[in-house]
**Student:** 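Handing you this structure, nothing more for now.
Chain naming here is simple, since letters A, B, ... match the order of the sequence lines and numbering starts at 1 in each.
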Amino acid sequence: MSLSTRYNATETETKWYRHWETAGYFHSTPDEREPYTILIPPPNVTGVLHMGHMLNNTVQDVLVRHARMQGKNACWVPGTDHASIATEAKVVQLLRQKGVRKSDLSREEFLEHAWAWKEKYGGIILEQLKKLGASCDWERTRFTMEPSLSRAVVHVFTDLYRKGRLYRGRRITNWDPEAQTVLSNEEVVYREENAQLFHIRYVLQDDPGNYITIATQRPETIMADVAVAVHPEEEKYRHLVGKQVLIPLINRAIPIIADAYVDRSFGTGALKITPAHDQNDHAIGQRHGLPVIDILTADGKLNDQAQILVGQDRFAARKQIRRLLEEAGCLEKVEDYRTNIGRSERTDAVVEPRLTQQWFLRMDEFARTALEAVRSGEVRFFPENMWNMYYQWLNEDNVRDWCISRQLWWGQRIPAWYLRTTEGRWTRDGEEVPFVAEHAAAALEQARVATGRPELTEADLEQDEDVVDTWFSSWLWPISVFDGFERQDELAYYYPTNVLVTGWDIMFFWVARMIMAGYEWSPALLGNASKGTMPFRDVYFTGMVRDNKRRKMSKSLGNSPDALALIDTYGGDGVRFGMLLSGSAGNDIIFDAPIDSATNTVLNESKLCEQGRNFCNKMWNALRLIKGWQVADSPQGTVEALAVAWMSARTEQAVAGLQPLFDQYRLSDALLSLYQLVWDDFCSWYLEMIKPAYRPDGTADALDRQTYEATVSLFERLMAALHPFLPFVTEEIWHQLRERPAGQDCMVAPYPTAGPVDLTLVRLVEVARQAISEVRNIRSNKGISPREALTLQVRESATASQLFDQPGLQAMISKMANLDAFERVQEEPQGVLTFLSGTDKYFLPLATAIDTAAETERLSKELEYYRGFVASVEKKLSNERFVQGAPAAVVDNERKKLADGKEKIRMLEEALQGL
RNA sequence: GGGCGCAUAGCUCAGCCGGUUCAGAGCAUCUGCCUUACAAGCAGAGGGUCGGAGGUUCGAAUCCUUCUGCGCCCACCA
């Protein structure tokens with residue numbers, strides 16, 4: 001026997017992945033089969049594999065492999081996202097380490113660096129996915145910034161502009177002073193932090209002895225104040241409305257105004273109005289026709305407008321102005337308080353509300369479409385209740401226009417050109433006029449027409465400096481991966497995709513927007529409204545992977561185990577098992593894997609992955625057992641025949657239950673049912689039933705060929721059923737079981753479908769198993785060795801004969817319970833151990849005298865339980881309304897329970913008398 | 001401030017369109033086994049009045065109300 005007692009995952013997994021890839025099983029091209037399509041949520045091109053990826057990619061792979069084995073044309077498209085802000089931030093950081101500042105580089109030079117970096121590190125994550133067994137069609141790998149996908153972005157931008165759904169606006173936006181770009185609302189993360197509330201006195205211009213006190217968290221912005229606002233109904237301030245106060249330190253006069261927005265109970269009830277640096281203040285400023293004074297630079301420093309502390313960073317300025325205010329006697333008090341601070345999702349910089357000119361996409365119509373898609377059930381959510389969150393964001397009260405421009409270089413540049421003039425950009429009605437087109441040449445035409453100046457050349461145009469939000473390219477993913485804007489052959493076959501598997505955290509960023517884009521463009525592209533609709537039929541939302549303190553796993557917390565280290569330890573199969581079994585759709589996953597934050601290595605073993613690894617080893621050893629048997633051309637015994645029939649029935653039963661679970665994406669339940677089928681039914685019972693006996697002299701009996709073949713077939717069937725979950729170990733065992741011609745791999749075998757199930761046999765064996773367990777239990781309690789053979793007697797009865805007339809069953813019980821004799825008796829023997837199993841009564845005569853007192857107690861306890869049980873059933877049945885109201889089947893069942901219970905009581909009473 | 005969800009064994013969870021698959025699974029714990037497939041294992045065992053309180057019903061872990069404790073999403077008050 002050459003097989004090791006331990007299953008070697010690493011070696012096996014590398015071997016089979018290469019084999020599958022070489023065989024071309026991952027690749028899909030359109031044909032006459034039904035397609036089954038999944039698009040990977042593209043990870044950041046520079047990312048590394050983390051637990052979240054492992055989870056959702058495992059789920060995707062299970063679904064894809066299952067579909068493939070079902071004979072569908074399975075296509076799993078992989079790819080990466082250029083992740084504009086995250087990647088640019090990384091490149092900037094890298095350059096800084098080399099002593100190069102972004103501002104020293106031209107756009108072209110910077111992009112050269114970025115592309116070089118992308119080429120070097122990009123796609124590592126895809127290589128890592130292979131270790132998990134991901135059966136992606138690697139020939140289809142896409143990148144959101146490759147030419148075709150970028151052209152799609154430009155096309156869509158111009159299309160939307162033409163449709164009047166894009167506009168430019170000067171708004172208060174979320175500014176990231178670190179990355180120096182605007183952010184969408186979704187990219188700002190609010191967290192409660194410690195802050196201070198400064199109470200500052202503004203003296204009245206014409207009455208220097210009096211003042212009004214405002215409370216602010218941002219004293220460094222007082223130089224940008226244009227008013228102080230109070231509530232119109234606030235008595236204590238009413239007399240001040242209309243008066244002028246002086247901003248401390250710079251003594252600029254500003255009015256006191258009344259506005260109902262002011263919360264009278266917060267702070268002092270007086271609010272400083274700073275339209276340039278606060279969204280609400282900006283709104284108030286507009287209502288009252290106030291000016292806007294911007295005192296901050298793009299990188300968060302005070303500018304000339306501030307008059308004082310010019311050039312200081314906003315946080316340094318806050319410290320200094322506190323001192324200045326104190327010296328000036330304007331600082332009444334400073335109190336600590338907790339407030340929500342918004343930070344950039346990518347750079348963690350405190351977000352600065354800032355007035356900037358940006359491109360926005362109108363969302364009202366898109367939102368209605370996206371809501372209707374899910375409301376109508378065209379797109380189904382798993383779990384369903386994710387609809388609530390979805391609705392919350394998309395309903396008309398909450399949805400906001402999408403700010404899609406970003407002041408970055410890494411990304412698709414906005415296809416808008418402006419006409420350069422000596423006074424700056426050409427304007428109409430005081431507004432810059434963008435010429436939006438797919439190419440500069442087309443924009444030039446527009447410019448010539450608009451201005452009536454045919455002599456203009458492209459040199460007179462300058463392109464918008466900004467790029468679009470990354471999600472403005474990702475929302476096209478379901479169409480653009482098939483180059484759907486340029487040719488529709490593949491789109492027509494693969495679209496709509498079957499299921500999207502992703503975390504609920506990007507429901508708004510991505511899922512909702514893909515639905516919008518799908519409905520917006522696919523009908524026209526496919527020229528067929530019945531096919532061109534939703535981008536995917538189902539959305540499976542995975543939970544967030546959290547640590548054992550329920551914190552989201554993140555690099556900054558250092559609580560995420562190294563995904564590759566986990567695979568090295570437990571194998572790809574082991575990790576897949578752990579991921580799958582740890583949670584159902586939508587539920588967060590507590591992944592208990594303490595790690596050493598210093599070395600980032602797994603210290604304690606992660607229990608679920610360990611369980612997966614152990615399972616692989618269990619199956620491996622079952623293989624070793626079977627392969628070690630001698631096989632003879634002898635007739636099949638009754639025990640073996642029974643065992644094969646029973647295991648076949650159990651397998652059919654389990655297989656029949658799988659499809660509904662797949663349909664509902666209940667993958668953990670499906671895996672668990674197979675786990676139990678393999679471990680309990682196949683290994684612990686079936687293999688033990690047919691295991692040839694060993695003789696004391698070391699030789700072993702042979703197994704008949706028929707049983708051996710049946711066993712191999714059963715094992716094979718189990719491997720096929722398990723393959724989508726644990727592809728590597730199943731493929732290995734599949735090949736160890738039989739010599740197979742090339743191309744007959746488990747991965748491409750037909751997925752098992754259920755045949756007829758012999759439920760009677762399953763029930764009979766179940767009863768026998770209970771009896772066997774009883775004997776083992778008594779052995780355990782009495783300290784009788786499993787090797788000591790016992791005699792078992794069963795009282796003849798209607799059910800007992802049904803049971804034991806089954807050929808092979810008595811012999812099977814004898815083998816499994818290690819009995820030297822199994823007898824059917826008419827009379828109740830005296831002085832023996834008695835137990836009930838089902839409604840049959842068994843006796844176990846032991847060599848040693850039984851402990852009568854202990855037996856009396858045990859039987860009495862059992863008797864007491866059944867008396868109580870019978871009493872409760874009788875009560876139920878004597879209730880007229882129950883008998884009348886409950887379904888007949890339920891009542892009948894209660895009657896059977898009553899009869900069985902009474903029979904048990906009778907037998908127990910008998911047994912007590914016999915002691 | 002608006003909304004959603006969760007609470008079941010020591011831990012992580014399943015069951016939740018009412019009635020023997022109804023109190024379950026895995027891990028952990030305890031007992032006994034190095035029984036020639038597997039100690040990454042085998043055979044057993046203990047452990048929960050299904051968060052509290054009401055209600056509906058013949059019958060509630062499951063439906064309703066309410067309270068308590070958690071978690072999340074959105075908006076964001078200086």
**Student:** Can you list everything that forms a side-chain contact (heavy atoms from CB on, under 4.5 Å) with Lys815(A)? Sequence neighbours excluded, please.
**Tutor:**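 Listed in chain order: nothing, the list is empty.
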**Student:** Measure all distances between protein nitrogen or oxygen atoms and nitrogen or oxygen atoms of nucleotides 76-78 of chain B, and list the pairs falling under 3.5 Å.
**Tutor:**
{"residue": "C76(B)", "atom": "O3'", "partner": "Asn280(A)", "partner atom": "ND2", "Å": "3.4"}
{"residue": "C76(B)", "atom": "N3", "partner": "Asn340(A)", "partner atom": "ND2", "Å": "2.9"}
{"residue": "C77(B)", "atom": "OP1", "partner": "Asn280(A)", "partner atom": "ND2", "Å": "2.7"}
{"residue": "C77(B)", "atom": "O2", "partner": "Asp263(A)", "partner atom": "OD2", "Å": "3.0"}
{"residue": "A78(B)", "atom": "OP1", "partner": "Thr339(A)", "partner atom": "OG1", "Å": "3.3"}
{"residue": "A78(B)", "atom": "O5'", "partner": "Tyr337(A)", "partner atom": "OH", "Å": "3.2"}
{"residue": "A78(B)", "atom": "O2'", "partner": "Ala215(A)", "partner atom": "O", "Å": "3.4"}
{"residue": "A78(B)", "atom": "N6", "partner": "Asp263(A)", "partner atom": "O", "Å": "2.5"}
{"residue": "A78(B)", "atom": "N6", "partner": "Phe266(A)", "partner atom": "O", "Å": "2.7"}
{"residue": "A78(B)", "atom": "N1", "partner": "Asp263(A)", "partner atom": "N", "Å": "3.2"}

**Student:** Among all residues two or more places apart in sequence or in another chain, which pass the ring pair (Phe, Tyr, Trp, His ring centres under 6.0 Å) test with Trp620(A)?
**Tutor:**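 By the ring pair (Phe, Tyr, Trp, His ring centres under 6.0 Å) rule, Trp620(A) matches Tyr7(A).
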**Student:** Find out whether Ile341(A) and Gln217(A) are in side-chain contact, i.e. whether some heavy atom of one side chain is under 4.5 Å from a heavy atom of the other.
**Tutor:**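 When only atoms from C-beta onward are counted, Gln217(A) and Ile341(A) do touch, with a gap below 4.5 Å.
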**Student:** How does RNA chain B read in dot-bracket, base by base from 5' to 3', with Watson-Crick or G-U pairs under 3.5 Å and | used when the partner is on another strand?
**Tutor:** (((((((..((((.....[....)))).(((((.......))))).....(((((..]....))))))))))))....
**Student:** From the options A40(B), G44(B), A37(B), select the nucleotide whose nearest atom is closest to the side chain of Arg776(A).
**Tutor:**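 Within the option list, the nearest is G44(B).
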**Student:** Show the atom names and distances, to 0.1 Å, of all donor-acceptor pairs under 3.5 Å that link a side chain in residues 384-394 of chain A to residues at least two apart or in another chain.
**Tutor:**
{"residue": "Asn388(A)", "atom": "ND2", "partner": "Asn385(A)", "partner atom": "O", "Å": "3.4"}
{"residue": "Tyr390(A)", "atom": "OH", "partner": "Ala370(A)", "partner atom": "O", "Å": "2.7"}

**Student:** Toward the 5' end of RNA chain B, which comes first, Glu688(A) or Ser773(A), by nearest nucleotide?
**Tutor:**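 With Glu688(A) and Ser773(A) compared, the 5'-side residue is Glu688(A).
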**Student:** For residues 193-200 of chain A, run the donor-acceptor check on the side chains, cut-off 3.5 Å, and write out each pair with its distance to 0.1 Å, sequence neighbours left out.
**Tutor:**
{"residue": "Glu193(A)", "atom": "OE1", "partner": "Arg343(A)", "partner atom": "NH2", "Å": "3.2"}
{"residue": "Glu193(A)", "atom": "OE2", "partner": "Arg343(A)", "partner atom": "NE", "Å": "2.7"}
{"residue": "Asn194(A)", "atom": "OD1", "partner": "Arg338(A)", "partner atom": "NH1", "Å": "2.9"}
{"residue": "His199(A)", "atom": "NE2", "partner": "Glu335(A)", "partner atom": "OE2", "Å": "3.3"}

**Student:** What residues form a ring pair (Phe, Tyr, Trp, His ring centres under 6.0 Å) with Phe728(A), not counting sequence neighbours?
**Tutor:**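 Testing Phe728(A) for ring pair (Phe, Tyr, Trp, His ring centres under 6.0 Å), a comparison that skips the adjacent residues, returns Trp20(A).
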**Student:** Protein within reach of the bases, or only the backbone? For nucleotides 1-7 of chain B, mark each nucleotide 5' to 3' as B, S or -, using heavy atoms under 4.0 Å.
**Tutor:** -BSSS--
**Student:** Starting at the 5' end of nucleotides 18-27 of chain B, put B wherever the base has a protein heavy atom under 4.0 Å, S where only the sugar-phosphate does, and a dash everywhere else.
**Tutor:** -BB----SSS
**Student:** Quick one: side-chain contact (heavy atoms from CB on, under 4.5 Å) partners of Ile506(A), sequence neighbours excluded?
**Tutor:**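 Residues passing side-chain contact (heavy atoms from CB on, under 4.5 Å) with Ile506(A): Trp471(A), Thr502(A), Phe509(A), Trp510(A).
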**Student:** Output all residues satisfying salt bridge (charged side-chain N to carboxylate O under 4.0 Å, His left out) with Arg314(A), sequence neighbours left out; order by chain, then residue number.
**Tutor:**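 Only Glu352(A) meet the salt bridge (charged side-chain N to carboxylate O under 4.0 Å, His left out) criterion with Arg314(A).
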**Student:** Where do N or O atoms of nucleotides 15-17 of chain B meet protein N or O atoms at under 3.5 Å, pair by pair?
**Tutor:**
{"residue": "G15(B)", "atom": "OP1", "partner": "Arg666(A)", "partner atom": "NH1", "Å": "3.2"}
{"residue": "G15(B)", "atom": "OP1", "partner": "Arg666(A)", "partner atom": "NH2", "Å": "3.0"}

